[in-house]
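The next block holds one structure in the form of structure tokens; read it before the comments.
FYI, the numbering just counts along the sequence from 1.
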Amino acid sequence: MKFTARQIAQYVNGTVEGDNNAAITTFSKIEEGVEGAITFLANPKYEHFIYTTKASVVLVNNDFKPSQELKVTLIRVPDAYECIAKLLQLYEQSKPKHEGVSPLAFVAPTAKVGRDVYLAPFAVVEEGAEVGDGAQLYPHATVGAHAKIGKNTILYANAVVYHDCVIGNNCILHSGCVIGADGFGFAPTPEGYDKIPQIGIVTIEDDVELGANTCVDRSTMGTTLIKRGVKLDNLVQIAHNVVVGENTVMSAQCGVAGSTKIGSWCMFGGQVGITGHAVIGDKTRSGAQAGIAGSIPKGNTTIIGSPAIDWKRFARSHAVFRNLPDLSKEVYALRQEIDELKKQLTQKQ
């Protein structure tokens, strides 16, 4: 595909500064720009690259003020990061979709497969399962018995949806996802641990994306629920009976213990751990590696640390922690002075 700067600006409601006819045929990072590429500048840390990039067009925020002369054509927009995402989506949608059922795919006689579905070699759709129109199953993707896959949902290679689980429309499950494995339920006995059967399911609503090797466990009873618009990174673990609210996002290696209820529009950095049976309010934001040891029902707060506390308190506490070696020396010296004063007072008495 080939577009001009003017055409792109019209699509993203931007304003061109420079050559309206600059031709765009590809995308690039700003530091790796090549002629014919469009890139973006959203983080001020990368500003120095805009003065040397070989890209033809750069998307910038409306308030960007260059400190040097520019040789590149700019398109000013309210949010450069959002606009590059929009353009990348357009590019992705323009790619031809895979269609057709490979003779090497397995579809059980009682399964239902919609129109324009792609089933790659060795994809599996088991008894009573349903696959919606336009869905795509890549090699070794498996849909268990009586599970349901919504319209235009993608299961990449080796993604597995266990029996009876429900996946909504326009979802993406990356390679190695496991949806509906048993929750970690065992009852201790004198002889060991008795397995507690996990007879519930997993329900994933529309427009959810799950990263590679992310696992969502089936509930003991009822359903583990991932609500609409949730985005989970690679290697995220969601335990049984958890509810994750709409449009919540989690970075890599987050873990949520059983029966926790998470609100909408929450954000969790990498390796955040959340205890079981907690209630996390809407718009809770957590820094990476935080350990959330209890409920935060109020929500709309930013926490960090382990156990997690308000980020401002954490910053003040960390400042003290960094000075603990010096403080320890001062305390030890003061203790020696006090002991010496006590001796002197005793001698005078």
Side-chain angles (χ1 to χ4, degrees), residues 27 81-82 84-102 105 113-125 129-144 147-162 165-181 201-218 223-238 242-254 256 262 264-268 270:
F27 293 85
Y81 191 74
E82 180 181 327
I84 200 71
K86 188 175 180 181
L87 291 173
L88 287 168
Q89 290 167 6
L90 178 65
Y91 172 77
E92 190 69 16
Q93 291 165 5
S94 69
K95 291 182 179 178
K97 287 182 65 175
H98 291 288
E99 291 183 4
V101 177
S102 167
V113 176
R115 299 186 304 274
D116 302 322
V117 164
Y118 171 63
L119 299 183
F122 308 111
V124 174
V125 183
E130 298 180 15
V131 178
D133 297 345
Q136 300 180 55
L137 275 63
Y138 285 80
H140 299 284
T142 300
V143 180
K148 295 181 180 180
I149 306 298
K151 295 178 180 179
N152 302 312
T153 284
I154 300 172
L155 275 62
Y156 282 107
N158 298 303
V160 177
V161 178
Y162 276 45
C165 294
V166 178
I167 313 296
N169 302 322
N170 305 310
C171 293
I172 299 174
L173 277 59
H174 287 280
S175 293
C177 271
V178 178
I179 308 303
I201 65 170
V202 172
T203 301
I204 295 178
E205 295 183 347
D206 298 345
D207 304 311
V208 170
E209 182 163 349
L210 306 181
N213 294 320
T214 281
C215 298
V216 183
D217 291 348
R218 70 194 312 113
T223 186
T224 302
L225 177 59
I226 309 296
K227 292 190 176 182
R228 182 184 61 80
V230 167
K231 313 298 181 189
L232 305 182
D233 198 0
N234 304 331
L235 298 166
V236 170
Q237 161 66 19
I238 304 296
V242 166
V243 175
V244 180
E246 292 183 359
N247 299 304
T248 283
V249 295
M250 299 184 189
S251 293
Q253 299 180 0
C254 284
V256 183
I262 296 174
S264 62
W265 292 102
C266 295
M267 302 178 71
F268 300 95

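Nearest heavy-atom pair across A135 and G150 is CB-O, 3.9 Å. For the pair C254 and S251, the tightest heavy-atom approach, listed with the atom from each and the gap, is SG-O, 3.2 Å. Contact detail for V117 and G114: the closest heavy-atom pair is CG2-O, 3.4 Å.
Proximity of a side-chain donor or acceptor of E205 to a complementary backbone N or O of R228 within less than 3.5 Å is detected. No donor-acceptor pair closer than 3.5 Å links the side chain of N152 to the backbone N or O of N170. In this structure, the side chain of D133 engages the main chain of R115 through a donor-acceptor pair within 3.5 Å. D206 places a side-chain N or O within donor-acceptor distance of the main-chain N or O of N169, the cut-off being under 3.5 Å. With D233 contributing its side chain and A252 its backbone, the two residues share a donor-acceptor pair below 3.5 Å. Side chain of T203 to main chain of T223: no donor-acceptor pair is present (N/O by atom type, distance under 3.5 Å, no hydrogens or angles). Distance alone, capped at 3.5 Å, places no donor-acceptor pair between the K231 side chain and the G211 backbone.
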Practice task
Would you please test I179 and I226 for side chain to side chain contact (heavy atoms under 4.5 Å, CB included) and show each step?
Solution key: CA-CA 11 Å; I179 308 303; I226 309 296; over 6 Å; no

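Interatomic distance, CG of L225 versus CD1 of I262, reported as 11.5 Å (0.5 Å rounding). Rounded to the nearest 0.5 Å, atoms CD (Q253) and OG1 (T214) are 10.0 Å apart. Atoms OG and CG, on S102 and L119 in that order, are 8.5 Å from each other to the nearest 0.5 Å. With rounding to the nearest 0.5 angstrom, the CG atom of L210 is 9.0 Å from the CD1 atom of I238. From L87, atom CG reaches atom CD of E82 across 11.0 Å, with rounding to the nearest 0.5 Å.
Side-chain contact between I149 and L155 is present, with heavy atoms from C-beta onward closer than 4.5 Å. Using a 4.5 Å heavy-atom threshold, the side chains of V256 and F268 count as separate. Y162 is not listed as a side-chain neighbour of V202, based on a closest heavy-atom distance of 4.5 Å or more. Taking the side chain as every heavy atom from C-beta outward, N213 and N234 never approach each other to under 4.5 Å. Using a 4.5 Å heavy-atom cutoff, the side chains of Q237 and D217 are in contact. You'll find the side chain of K97 stays beyond 4.5 Å of the side chain of D116, heavy atoms only. Annotation: side chain of V244 is in contact with side chain of M250 (closest heavy-atom distance under 4.5 Å). Within the 4.5 Å cutoff, the side chain of S264 has no heavy atoms near those of the K227 side chain.
Taking Y118 as the reference, H98, Y138 meet the ring-ring contact (aromatic ring centres under 6.0 Å, His included) condition, with sequence neighbours excluded. Take H174 and apply the side chain to side chain contact (heavy atoms under 4.5 Å, CB included) test, not counting sequence neighbours, and it matches Y156, I172, E209, A212.
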